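The structure appears below as structure tokens.
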Amino acid sequence: MLVRPIELLDGIEEVLFALKNHYRLVVATKGDLLDQERKLKNSGIEHYFHHIEVMSEKKMRIIKN
């Protein structure tokens with residue numbers, strides 16, 4: 001899986017291009033930091049995002065008021 005090419009969904013780059021001019025785009029993903037960074041770099045779409053956050057754990061916290 002580490003050497004497998006990244007396949008984007010049809011039309012995704014056009015959507016990101018259109019949105020980038022109007023919004024600050026953010027990626028939030030879970031997984032190994034280096035692997036997730038590699039995937040974004042190899043996908044060729046990382047430049048569309050204002051911020052990329054790679055979380056090591058995905059746990060939902062319930063905050064009570």
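Treat the numbers as computed from the prediction; the structure is a model and nothing was measured. The figures here come from the full heavy-atom set of this structure, side chains too, leaving out hydrogens, waters and symmetry mates.
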Can you see which heavy atom on Ile6 is nearest to which on Ser43, and at what distance?
CG2-CB, 3.6 Å
Considering all heavy atoms of both residues, which atom of Phe49 and which atom of Leu16 are nearest to each other, and what is their separation?
CZ-CD2, 3.9 Å
Atom CG of Leu25 and atom NE2 of His47: how far apart are they, to the nearest 0.5 Å?
10.5 Å
First locate atom CD1 of Ile12, then atom CD1 of Ile45, and finally report the distance between them rounded to the nearest 0.5 Å.
6.5 Å
Atom NZ of residue position Lys20 - does it have more than 12 heavy atoms of other residues, nucleotides or ligands inside 6.0 Å?
yes
Testing Glu53, Gln36, Lys39 for side-chain hydrogen bond (donor to acceptor under 3.5 Å, both in side chains) with Thr29, which one passes?
Gln36
Out of curiosity, does Leu8 fall in the hydrophobic cluster containing Phe17 (side-chain heavy atoms, cut-off under 4.5 Å, transitive links)?
yes
To check you understand the geometry: which heavy-atom pair defines the closest contact between Glu13 and Gly44, and what is its length?
OE2-O, 4.1 Å
Would you check, one step at a time, whether the test side chain to side chain contact (heavy atoms under 4.5 Å, CB included) holds for Tyr23 with His50?
CA-CA 9 Å; Tyr23 302 97; His50 175 74; over 6 Å; no
List in chain and number order the residues that pass side-chain contact (heavy atoms from CB on, under 4.5 Å) with Leu9, two or more places apart in sequence or in another chain; answer none if no residue qualifies.
none
Quick check on the hydrophobic clustering: are Met55 and Leu33 connected, directly or via other members, by side-chain heavy-atom contacts under 4.5 Å?
no
